[in-house]
Amino acid sequence: MPEKPTLDGLEDRWARVWEDEGTYAFDRSATREQVFSVDTPPPTVSGSLHVGHVFSYTHTDIVARFQRMRGKKVFYPMGWDDNGLPTERRVQNFYGVRCEPSLPYDPDFTPPEKPGKQQIPVSRKNFVELCETLTAEDEKAFEALWRRNGLSVDWSHGYQTIDARARAISQRAFLRNVERGQAYVSMAPTLWDVTFRTAVAQAELEDREHTGAWHRIAYHGASGPTYIETTRPELIPACVALIAHPDDERYQPLFGTTVRSPLFDVEVPVLAHPAAEMERGAGIAMCCTFGDLTDVQWWRELDLPNRTVINRDGRLLRDTPDWITSEAGRQRWEQVAGATVHTAKERIVAMLQETGELVGDVRPVTRPVKFYEKGDKPLEIVSSRQWYIRNGGREASVRDEMLARGRELRWHPEYMRHRYEDWVRGLNGDWLVSRQRFFGVPVPVWYPLDGEGEVIPDKPLTPDDAALPVDPTTDVPPGYTAEQRDVPGGFTGDPDVLDTWATSSLTPQIAGLWSVDDDLFARVFPMDLRPQGHDIIRTWLFSTVLRSHLEHDSLPWAHAALSGWILDPDRKKMSKSKGNVVTPMGLLEEFGSDAVRYWAAGGRPGVDTAFDRGQMKVGRRLAMKLLNASKFILGVGVDAGEPDLSAVSTPLDRALLARLTEVVEKATAALDDYDYAVALEVTEQFFWFFCDDYLELVKSRAYGEFDEAGRDSARATLAAALRVLQRLFAPVLPFVAEEVWSWWQEGSVHLAAWPDIHELATSAEADPQVLSVASDVIGGIRRAKSEQKLSIRTEVESLSVQAAPAALEALREALADVRAAGRVRDVELVVSSDGELVTTVGAPTA
RNA sequence: GGGCGCGUAGCUCAGCGGAAGAGCAACGGCCUUACAAGCCGUCGGUCGCAGGUUCGAAUCCUGCCGCGCCCA
């Protein structure tokens with residue numbers, strides 16, 4: 001035990017010991033019943049961890065440490081999510097390169113020291129290598145932070161969502177979905193981001209207010225013009241019908257007839273469909289392929305032709321579409337061929353003004369438009385061949401199964417279940433899993449080519465399981481040779497990668513080594529806990545439940561714990577901007593890891609919490625207090641062995657242990673329910689009371705100033721209480737708890753048994769009032785002395801206590817301790833008529 | 001527009017049917033032999049607003065206002 005205990009340096013010292021001793025190593029001989037397994041969120045490796053990560057990962061660690069002390073073999077791996085667009089973008093900016101899949105691999109390529117102004121095109125393989133290099137560096141820094149933060153992770157069970165094993169597992173799971181018909185390929189209208197040139201899924205959409213303008217435009221019928229209103233006049237050449245509500249009397253005569261489009265003179269039918277809104281615009285809409293999701297619905301349900309005019313790069317087709325047949329129409333198309341959507345709109349509006357087919361003023365309007373959450377241009381809808389996984393968006397039976405899984409899962413807090421149910425009920429299509437990107441898990445299929453060299457899409461070729469992971473753009477399917485690539489009668493590889501969630505949804509399988517080490521998998525799956533943010537219930541949580549349901553017919557985990565957000569105080573008050581960036585490592589160094597963990601532990605499950613340096617200071621004080629209190633108690637002279645509770649003969653001591661028993665019960669129940677905040681609160685509250693009142697009360701007796709029995713009773717109680725308190729704090733304050741435990745106990749506190757109420761059971765019944773009255777009276781003495789501006793240690797002539805008879809009776813049991821702690825010479829006990837406790841002290845002794 | 005959550009002391013938050021709480025801050029003390037990175041004490045609130053249920057409401061119900069998240 002050091003002379004002057006300090007918190008400085010505890011993190012490095014104990015982190016090294018834990019690593020050397022394998023304190024948190026998973027015992028893989030354990031059976032499933034003995035295991036507590038955690039499906040840790042793999043942080044996205046695209047930059048740095050922030051305070052919010054420290055916050056929520058600490059919550060998980062507290063639970064893991066608690067379960068470990070309860071005797072569970074804890075499976076607590078850490079993964080890195082380094083697969084997907086954020087990494088691609090970071091690599092592009094960091095190295096100044098871009099992926100050009102047509103280029104050959106250059107094994108000698110090294111990126112420039114500093115990224116140049118012009119991005120250097122590199123092959124897909126070079127690009128992926130750069131992704132791996134950069135993420136490896138980031139991951140080192142992340143691991144160092146987590147170790148410093150005290151996460152009790154078993155680092156030998158790490159994974160990357162882009163590593164070969166994860167790719168193989170991801171592809172295997174996908175191919176098994178294909179085999180069972182749970183995944184399928186389909187040519188369909190798809191939401192498309194023109195910047196990233198990739199399809200996006202429903203889960204990646206967000207609505208944003210976008211300014212547009214209503215244009216009133218004339219279509220021409222046999223009996224005169226029909227006016228429609230549209231915000232997208234550039235889609236006139238893509239128009240396949242005009243549509244009004246079947247009950248709309250204004251358009252009854254037109255249903256079944258045809259009209260001709262302005263400028264391009266294409267004949268389209270006028271049709272009825274209930275999705276047309278009578279109150280909106282003119283009540284009759286142009287259906288184009290495709291302006292929005294309603295167009296898709298009409299196109300599908302009314303069996304309309306596909307007249308796509310927008311390319312995947314967001315520009316209009318260069319060639320004149322064959323459905324534009326009139327000479328004037330074809331000339332007008334020349335004006336917009338190859339133009340961006342924006343330019344095409346301007347030119348078409350100008351032409352409409354010329355021809356007089358644009359009627360009245362253009363009226364600005366702001367309305368919600370769908371964006372890719374990472375994009376900055378509105379999504380277009382294009383027809384393309386994509387892979388989908390059935391998720392209940394199209395089949396009620398699957399949806400009901402997913403709802404049942406949601407009810408089966410235990411949610412913490414419970415109300416988070418609604419978000420899941422709302423999402424499942426609102427699904428409107430299957431899960432689109434193919435992406436037209438480079439850095440990801442390749443879609444593991446090839447397609448045969450017919451005699452003309454055209455793709456035969458409905459007969460995908462799949463790899464042998466042993467060959468996984470495969471890259472179809474370089475690997476060759478079974479039964480073919482490399483020379484047959486992209487030649488008639490040969491094959492072509494699917495160029496796409498899987499949605500990042502298609503791999504992330506398999507984290508329990510990846511961490512547990514499903515299909516790689518099935519023995520391990522059987523010991524950890526289904527897992528116990530998924531901790532995660534509430535914002536990704538619709539994506540990560542839902543997709544993980546789905547994949548597990550499809551592959552294993554079970555939930556992936558029994559419990560989901562949803563953590564809240566960290567609210568940046570600056571963001572609340574938008575006017576203020578501090579400008580000083582707080583890095584997690586800086587905080588850990590400034591306050592100590594235990595102090596930062598203390599702040600995190602104060603955030604109730606699921607509740608957004610303010611970033612609060614004040615709480616970190618408080619946490620530091622608590623850690624310091626634990627050092628000092630431990631030092632004091634050990635200095636009094638207590639035994640390190642199992643405390644001899646038969647020596648606890650003094651009523652005050654029995655009452656203390658009884659109160660601590662309640663604390664153990666409450667803290668245990670709270671942690672069993674994943675409520676670390678309540679567990680900490682009750683422990684902390686008791687601990688301050690223990691230090692401020694109990695320690696002061698028994699100090700003299702423990703030093704042996706009275707009789708031997710009293711001394712032994714105090715020492716046994718102090719030892720028992722300290723052993724319990726150090727362990728109660730261990731999950732939240734792992735470093736300082738380990739430090740003080742090491743002063744007198746063998747082994748790691750983190751492998752010690754969680755406190756059990758039986759280790760506090762004394763032979764005789766305890767009277768809690770002895771402790772509460774003694775505490776009240778000592779408080780009264782302090783108050784009285786404080787009012788007289790006396791030192792607490794000043795000895796006074798007399799103490800008078802007025803109280804109810806029962807309270808006085810209890811007080812007598814602890815009177816010697818109270819007298820010693822309060823430094824009073826004479827004591828007078830007076831029965832009070834109203835039962836209220838009144839403490840008065842006399843003058844200081846001379 | 002719908003779902004969910006939240007409005008309690010200057011600040012951060014507990015409490016969620018039986019006398020308004022904690023910590024921080026502020027203020028006043030104590031140089032107390034574990035701890036001045038300590039200790040003691042004091043101040044401070046129509047529990048968002050309006051109704052209702054109840055012997056009793058911060059707590060349950062209804063409506064409204066404000067904030068946040070998710071989804072249309």
Side-chain angles (χ1 to χ4, degrees), chain A residues 1-8 202-203 205-207 293 367-370 373 411 413-428 533-539 541-542 562 564-567 569 571-573 590-592 595 598-599 602-636 675 677-678 680-682 684-685 688-693 695-696 699-700 702-703 718 722 740 743 778-795 821-823:
Chain A
M1 186 170 73
E3 190 57 36
K4 263 279 176 199
T6 174
L7 298 174
D8 297 331
Q202 186 183 354
L205 303 182
E206 63 185 34
D207 283 355
L293 291 174
R367 71 213 189 289
V369 172
K370 295 207 181 307
E373 59 189 358
W411 298 77
E414 167 66 27
Y415 61 74
M416 291 294 180
R417 181 192 310 276
H418 294 289
R419 305 220 177 161
Y420 176 91
E421 297 200 340
D422 288 353
W423 174 251
V424 175
R425 291 210 174 90
L427 285 169
N428 57 26
H534 53 65
D535 53 324
I536 48 174
I537 289 174
R538 71 200 167 113
T539 49
L541 191 147
F542 170 75
L562 288 307
W565 285 103
I566 293 309
L567 300 178
R571 260 182 64 185
K572 282 168 85 180
K573 295 169 189 169
E590 180 179 354
F591 295 99
Y598 170 88
W599 159 72
R604 255 68 183 168
V607 178
D608 294 346
T609 302
F611 174 71
D612 188 352
R613 301 171 70 88
Q615 280 303 103
M616 297 179 197
K617 273 193 208 163
V618 174
R620 187 171 176 86
R621 275 215 294 254
L622 174 63
M624 190 70 87
K625 191 79 175 173
L626 187 57
L627 281 181
N628 284 313
S630 298
K631 181 189 156 203
F632 169 69
I633 291 170
L634 297 181
V636 165
D675 199 342
V678 165
L680 171 61
E681 192 184 6
V682 296
E684 188 191 7
Q685 200 190 356
W688 287 106
F689 159 79
F690 172 78
C691 290
D692 297 341
D693 286 3
L695 281 187
E696 296 300 331
K699 225 179 225 181
S700 300
Y703 279 136
L718 288 171
L722 188 64
V740 294
W743 292 344
I778 202 78
I781 294 171
R782 282 180 195 134
R783 194 177 310 115
K785 287 184 179 175
S786 179
E787 276 161 10
Q788 297 178 39
K789 306 201 173 178
L790 296 175
S791 160
I792 306 281
R793 292 185 61 79
T794 310
E795 192 184 42
R823 312 262 156 172

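Side chains are part of it too, since the values below use all heavy atoms of this structure and drop only hydrogens, waters and symmetry mates. A, B, ... follow the sequence lines: proteins, then strands. Residue 1 opens every chain.
- Picking from B:C71, B:U12, B:G3 the nucleotide with the shortest atom distance to the side chain of A:Ala610 gives B:U12.
- Checking B:U12, B:G5, B:U33 against the side-chain heavy atoms of A:Asp612 singles out B:U12 as nearest.
- The CG-P distance, from A:Asp608 to B:C6, rounds to 11 Å in whole Å.
- Listed pair A:Lys617 / B:G23 fails the phosphate criterion, with no side-chain N or O lying under 4.0 Å from OP1 or OP2.
- Among the protein residues, A:Glu421 comes within range of no part of the nucleic acid, since none of its heavy atoms lies under 4.0 Å from any strand.
- The separation of B:C13 from B:C47, taken at their C1' atoms, amounts to 13 Å, rounded to a whole angstrom.
- Closest to the side chain of A:Arg782, from the set B:A14, B:C40, B:A34, is B:C40.
- Distance from the side chain of A:Ala629 is smallest for B:A34 among the nucleotides B:C71, B:A14, B:A34.
- Taking the P atoms as reference points, B:C24 lies 29 Å from B:C60, given to the whole Å.
- A:Ser630 and A:Leu722 get closest at one heavy-atom pair: OG-CD1, 3.6 Å.
- At least one side-chain heavy atom of A:Trp565 sits under 4.5 Å from a side-chain heavy atom of A:His534.
- Taking atom C1' in both B:G17 and B:G52, one finds a spacing of 16 Å when rounded to whole Å.
- Comparing A:Lys4 and A:Val618 by the nucleotide of RNA chain B that holds the closest heavy atom to each, the one mapping nearer the 5' end is A:Val618.
- Remark: the separation of the C1' atoms in B:G68 and B:G48 is 15 Å, to the nearest Å.
- Between A:Trp743 atom CH2 and B:A34 atom C1' the separation is 10 Å, expressed in whole Å.
- Residue contacts for A:Glu696: at a heavy-atom cut-off of 4.0 Å it reaches a base atom on one of the strands shown.
- Listed candidates were B:C4, B:A14, B:A34. Nearest to the side chain of A:His418 is B:C4.
- Between the CG atom of A:Asn428 and the P atom of B:G2 there is a distance of 20 Å, rounded to whole Å.
- Comparing the P positions of B:C40 and B:U32 gives an interatomic distance of 14 Å, to the nearest angstrom.
- Counting only heavy atoms from C-beta on, A:Asp692 has its side chain closest to B:C40 among B:C40, B:C4, B:A34.
- Between A:Leu634 and A:Val740 there is no side-chain heavy-atom pair separated by less than 4.5 Å.
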Full working for side-chain contact (heavy atoms from CB on, under 4.5 Å) between A:Glu696 and A:Ile792: CA-CA 11 Å; A:Glu696 296 300 331; A:Ile792 306 281; over 6 Å; no
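- Taking the C1' atom of each, B:C61 and B:U53 are spaced 7 Å apart, rounded to whole Å.
- If you check every strand for non-hydrogen atoms under 4.0 Å, A:Tyr598 touches nothing.
- Considering only side-chain atoms of A:Ser786, the nucleotide from B:A37, B:C30, B:C40 that sits closest is B:C40.
- Using a 4.0 Å cut-off between charged nitrogen and carboxylate oxygen, A:Arg425 and A:Glu421 count as a salt-bridge pair.
- Ring geometry for A:Tyr420 against A:Phe542 counts as tilted: the plane angle lies between 30° and 60°, on a 0 to 90° scale.
- The separation between A:Glu787 atom CD and B:C30 atom P is 14 Å, rounded to whole Å.
- Between B:C69 and A:Arg419, no contact under 4.0 Å exists linking OP1 or OP2 to a side-chain N or O.
- When heavy atoms are screened at a 4.0 angstrom cut-off, A:Lys789 is found touching the sugar-phosphate backbone but no base atom.
- Backbone-only engagement by A:Trp688 is indicated by non-hydrogen atom pairs under 4.0 Å involving sugar-phosphate atoms exclusively.
- Rounded to a whole Å, the CZ atom of A:Arg823 is 11 Å from the P atom of B:U32.
- Contact annotation for A:Arg783: backbone-only contact, meaning every heavy-atom pair under 4.0 Å involves sugar-phosphate atoms and none involves a base.
- The closest donor-acceptor contact from the side chain of A:Arg620 to the backbone of A:Phe591 lies under 3.5 Å.
- Separating the P atom of B:U54 from that of B:G15 is a span of 28 Å, rounded to the nearest Å.
- With a 4.5 Å cut-off on side-chain heavy atoms, A:Val678 and A:Arg604 count as touching.
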Intermediate values then yes/no, salt bridge (Lys or Arg N to Asp or Glu O under 4.0 Å), A:Lys625 and A:Glu684: CA-CA 11 Å; A:Lys625 191 79 175 173; A:Glu684 188 191 7; over 6 Å; no
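- Between A:Tyr415 atom OH and B:C70 atom C1' the separation is 12 Å, expressed in whole Å.
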Derivation of the side-chain contact (heavy atoms from CB on, under 4.5 Å) call for A:Trp743 and A:Leu627: CA-CA 10 Å; A:Trp743 292 344; A:Leu627 281 181; 3.7 Å; yes
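- One can place CG of A:Leu205 at 7 Å from P of B:A72, the figure rounded to the nearest angstrom.
- Among the heavy atoms of the strands, none lies under 4.0 Å from A:Asp535.
- Comparing the C1' positions of B:G44 and B:G28 gives an interatomic distance of 15 Å, to the nearest angstrom.
- Residue whose closest nucleotide on RNA chain B sits further toward the 5' end, between A:Glu206 and A:Leu695: A:Leu695.
- Relative to the side chain of A:Arg604, the nucleotides B:G3, B:A14, B:A34 differ in distance, and B:A14 lies closest.
- Per the geometry, CD1 belonging to A:Ile792 stands 8 Å off C1' belonging to B:U32, to the nearest Å.
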Dot-bracket encoding per residue of RNA chain B, Watson-Crick/G-U cut-off under 3.5 Å, | denoting interstrand: ((((((((.[[[[.)..(..]]]].(((((.......))))).....[[[[[..)....]]]]]))))))).
